[in-house]
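Data first, discussion second: the structure below is written as structure tokens.
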2 protein chains.
Amino acid sequence: MRRQALNVTRYDPGVSSAAPGTGDETIERRRPVTAVQVARHAGVSTATVSLVVNGKTAGRVSPQIAARVEAAIAELGYVVDRAASSLSRGSGDVVILVAPDIANPFFAGVIAGAQEALGSIYQLLLSATDVGCVPRPEDVRALFALRPAGLLVDAPNVRFLRDLDVHAPLVLIDAPSTEGVAPSVDLDVASGARQLARHLLHRGHRRIGYLDAVTGTETFVLRREALREELAAGGGVLAGPTPASVVDSAAASRAAVDAWPGWRDAGVTAVVAASDTQAYGVLHAMQGLGVPIPGELALAGFDNLPYSALTQPGLTSVELPSHQLGLAAAGHLRALIEGRAPAAPDMLPAHLVVRGSTAR
Amino acid sequence: MRRQALNVTRYDPGVSSAAPGTGDETIERRRPVTAVQVARHAGVSTATVSLVVNGKTAGRVSPQIAARVEAAIAELGYVVDRAASSLSRGSGDVVILVAPDIANPFFAGVIAGAQEALGSIYQLLLSATDVGCVPRPEDVRALFALRPAGLLVDAPNVRFLRDLDVHAPLVLIDAPSTEGVAPSVDLDVASGARQLARHLLHRGHRRIGYLDAVTGTETFVLRREALREELAAGGGVLAGPTPASVVDSAAASRAAVDAWPGWRDAGVTAVVAASDTQAYGVLHAMQGLGVPIPGELALAGFDNLPYSALTQPGLTSVELPSHQLGLAAAGHLRALIEGRAPAAPDMLPAHLVVRGSTAR
DNA sequence: CTGAAAGCGCTTACAG
DNA sequence: CTGAAAGCGCTTACAG
């Protein structure tokens with residue numbers, strides 16, 4: 001790799017060092033303003049400062065004093081130290097979302113929904129686990145040690161929860177079959193899979209190939225098995241090999257290239273991928289192999305990612321409501337945190353979006 | 001929307017409530033184990049517990065005592081309260097990456113690189129700002145109030161930094177023209193743009209259309225202007241309208257549909273999009289309009305996202321090394337945090353990847 | 001309406 | 001090698 005000129009500028013802390021120019025100077029950082037300084041500046045106690053910054057002045061602090069404190073806060077640029085605040089209160093105002101595949105556009109919707117539900121009171125931070133891996137209990141435990149207000153954990157399995165054994169606000173996302181262990185907000189992927197099965201049967205397909213995902217999450221088991229059952233009910237069958245790949249287009253493409261001879265020999269006329277991301281890979285693979293879609297092979301996926309409307313042909317997909325998922329999960333968590341009875345959410349409905357990839 | 005049966009299970013805290021069955025019971029949470037409990041259990045002081053959990057036993061704690069403490073920790077399931085730890089030390093071990101567009105696959109690489117550089121000592125959390133928006137100084141200030149070990153901020157502009165005025169470990173990512181304000185690790189997008197310009201000129205294109213991004217980030221200005229200059233140097237020109245869209249395929253598709261008459265009338269034979277994500281939208285728009293790519297119109301983008309190898313035709317793109325970017329930025333931050341002199345990183349090189357979308 | 005004081009759980013000089 | 005004690009910056013009963 002060709003190395004080029006350095007473009008990293010040294011940070012100037014704006015504070016004189018102990019021994020300027022000697023080379024072994026230590027950088028002194030300007031220390032953050034504390035409540036003590038604000039209190040001194042406004043001529044009040046730190047208790048009053050705390051009441052003001054937390055908006056608990058009603059009947060406790062006179063408007064005049066409050067105004068004086070506000071002024072001091074603005075002048076000094078005081079920001080509450082949330083580490084200290086968390087320690088004092090027992091927990092903070094951060095909500096952490098743990099997800100295995102942040103880069104998946106599906107999560108943009110979940111994140112937006114969660115932010116909407118959390119409002120400006122809580123701050124949402126994301127913890128990315130390794131792509132294609134379920135989060136490990138020890139990772140989540142380390143996150144709990146941060147004393148967040150609560151945790152949102154995407155797609156863990158039952159075993160994960162047994163190992164976790166943590167008792168704090170926690171809501172699971174898209175974690176079917178964890179009932180009774182922790183609250184979860186789920187997607188009705190089974191219904192979506194059945195709609196897709198009926199659509200394919202209706203289009204005359206009987207022998208369906210399947211490209212699975214290898215994350216070891218329940219949702220993918222559910223997608224596959226619901227599809228299989230509903231196909232069987234209508235005289236169809238999952239035929240040929242059932243390869244699995246990580247949720248990545250390139251990996252899916254390779255898997256599809258390998259699987260194609262088997263699918264073809266098994267008389268497969270349609271392929272379903274466990275996710276749209278993988279379906280894109282299958283589409284590419286078939287274009288490379290000269291197998292026309294939908295002419296020789298129909299194709300469908302799950303998620304209905306934005307890009308699925310843009311492929312050539314457009315991709316038939318089971319739409320999973322990511323925004324609503326984030327909204328419901330964070331809303332539930334918030335109720336838990338605030339000690340309210342959680343509003344009864346639904347199992348969020350999935351519905352099939354039909355496009356050119358399964359046209360006759 | 002059809003509502004279905006509720007599938008949210010109530011969380012059972014496993015702890016008896018104050019007034020069981022009365023209905024106004026408050027949920028008592030099992031309180032986390034503290035160092036005091038561990039100390040008591042092991043028959044030592046909390047100071048010793050602290051030394052053991054922080055691995056500072058060498059010459060300070062006898063192996064026997066250390067072993068006893070370890071055993072107590074394991075037995076009680078003790079995890080250090082990081083809020084308290086942060087308060088005591090002055091800052092914690094969390095590194096926060098602030099990025100406008102977490103869902104962009106480009107960030108998967110940045111995140112993986114940053115995690116690699118941070119190792120297991122620091123914990124990386126992500127803060128998602130609204131899509132298509134530069135992070136606001138107040139958001140970043142709120143993040144600093146969490147007392148993280150440091151912050152990595154993607155693509156802010158100079159004005160942002162003037163407003164920020166925060167003096168703590170901070171490294172900017174892909175933030176050209178912020179020299180002297182804060183350290184930054186940059187991508188040589190200008191060089192990439194010039195390579196792309198020369199490639200297009202060499203392929204015989206002289207009148208080039210451009211689809212810009214509307215995030216207000218320097219990197220996009222640089223991409224466009226470097227392309228413009230290098231084209232001019234070779235007798236080419238940015239011609240026709242220069243629409244802008246958010247970094248989203250669907251939005252880009254709409255923008256391209258609108259721009260096409262203008263481009264066509266201006267004699268444009270190639271279009272460059274500010275990002276691959278947008279280029280996918282242009283590709284879709286042109287397929288919809290019946291404009292063959294590359295036959296009638298060549299197309300290229302920036303980022304070389306994984307999916308760019310899978311489109312039909314494959315997308316010519318300026319590869320930006322996302323993994324190295326995360327690695328270098330986090331490495332620099334880590335040096336800053338630990339008071340070491342940052343290793344001199346490079347401005348990370350970009351290089352053109354030529355695919356079918358600009359074939360003759 | 002306001003303040004002095006205790007306490008959150010940890011870390012780190014300091015004394016022994 | 002080990003412990004008692006102070007302190008990080010905040011919040012919250014409690015006393016006035």
Side-chain angles (χ1 to χ4, degrees), chain A residues 29 31-69 72-73 76-94 142 144-149 168, chain B residues 29-70 72-73 76-94 142 144-149 168:
Chain A
R29 288 222 172 73
R31 311 204 71 213
V33 176
T34 68
V36 173
Q37 296 171 51
V38 174
R40 225 178 342 241
H41 199 84
V44 299
S45 73
T46 58
T48 304
V49 174
S50 178
L51 291 173
V52 171
V53 293
N54 291 302
K56 298 182 177 173
T57 57
R60 324 262 280 102
V61 181
S62 69
Q64 294 83 343
I65 294 274
R68 224 158 70 206
V69 173
I73 288 171
L76 299 177
Y78 172 63
V79 180
V80 182
D81 182 324
R82 290 158 80 186
S85 179
S86 298
L87 179 58
S88 189
R89 302 170 111 103
S91 82
D93 52 6
V94 167
F144 266 115
L146 252 17
R147 299 289 176 260
Chain B
R29 288 224 172 72
R30 194 194 301 175
R31 311 207 69 214
V33 176
T34 68
V36 173
Q37 296 171 49
V38 175
R40 224 175 346 239
H41 200 86
V44 300
S45 72
T46 59
T48 303
V49 174
S50 178
L51 291 173
V52 171
V53 293
N54 291 300
K56 298 181 176 173
T57 56
R60 324 260 282 104
V61 180
S62 69
Q64 295 84 341
I65 294 275
R68 226 159 67 206
V69 173
E70 299 278 21
I73 288 171
L76 300 177
Y78 172 63
V79 180
V80 182
D81 182 324
R82 291 157 81 187
S85 179
S86 299
L87 179 59
S88 189
R89 303 169 110 103
S91 82
D93 53 6
V94 167
F144 267 117
L146 252 18
R147 300 288 173 260

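Numbers restart at 1 for each chain; the letters A, B, ... are given by sequence-line order, proteins then strands.
Within 4.0 Å (heavy atoms only), V49(B) reaches no atom of the nucleic acid at all. A35(A) comes within 4.0 angstrom of sugar-phosphate atoms only, judged by non-hydrogen atoms across all strands, and of no base.
The side chain of S88(B) contributes no N or O atom lying less than 4.0 Å from OP1 or OP2 of dC8(D). OP1 and OP2 of dT11(C) both lie 4.0 Å or more from every side-chain N or O belonging to K56(B). Contact check, S45(B) against dT2(D): no side-chain N or O comes under 4.0 Å of OP1 or OP2. In this structure, T48(B) reaches the dG3(D) phosphate: one of its side-chain N or O atoms is under 4.0 Å from OP1 or OP2. In this model, the phosphate group of dC1(C) is not approached by any side-chain N or O of R60(A) to a distance below 4.0 Å at OP1 or OP2.
Under the Watson-Crick or G-U wobble criterion, with both distances below 3.5 Å, dA13(D) is left unpaired in every strand shown. Nucleotide dA4(D) forms no Watson-Crick or G-U wobble pair with any nucleotide shown, as no partner meets the under 3.5 Å limit on both distances.
The side chain of R31(A) has dG9(D) as its nearest neighbour among dT11(C), dG9(D), dT2(C). Side-chain proximity of I65(A) to dT2(C), dT2(D), dA5(C): nearest is dT2(C). The nucleotide whose nearest atom lies closest to any side-chain atom of D81(A) is, among dC10(C), dC10(D), dT11(D), dC10(D). Ranking dT2(C), dG9(C), dA5(D) by closeness to the S62(A) side chain, first place goes to dT2(C).
The CG-P distance, from L51(B) to dC14(C), rounds to 15 Å in whole Å. Atom P of nucleotide dC8(D) and atom CZ of R82(B) are separated by 23 Å, given to the nearest angstrom. Protein atom CZ of R89(B) is 18 Å distant from nucleotide atom P of dG9(C), rounded to whole Å. One atom, CZ of F144(B), and another, C1' of dG9(D), lie 18 Å apart when rounded to the nearest Å. A straight line from CG of L87(B) to P of dT11(C) spans 11 Å, rounded to a whole angstrom. Between the CG atom of L146(A) and the P atom of dC8(C) there is a distance of 21 Å, rounded to whole Å.
Between the side chain of D81(A) and the backbone N or O of A83(A) there is at least one donor-acceptor pair closer than 3.5 Å. A donor-acceptor pair is defined here as one N or O able to donate and one able to accept, closer than 3.5 Å; no such pair exists between the side chain of R147(B) and the backbone of S86(B).
The base of dC10(D) is not paired with the side chain of S85(A) by any donor and acceptor separated by under 3.5 Å. No donor-acceptor contact under 3.5 Å links the side chain of T46(A) to the base of dG9(D).
Closest approach of P148(A) to S91(A), counting heavy atoms only: O-CB, 4.0 Å.
Put simply, CG on L146(A) and OG on S85(B) are 10.5 Å apart, with the number rounded to the nearest 0.5 Å.
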Verdict with reasoning, R82(B) to V94(B), per side-chain contact (heavy atoms from CB on, under 4.5 Å) = CA-CA 9 Å; R82(B) 291 157 81 187; V94(B) 167; 4.0 Å; yes
Hey, mind stepping through Q37(A) and T34(A) against side-chain contact (heavy atoms from CB on, under 4.5 Å) and telling me if it holds?
-> CA-CA 5 Å; Q37(A) 296 171 51; T34(A) 68; 3.5 Å; yes
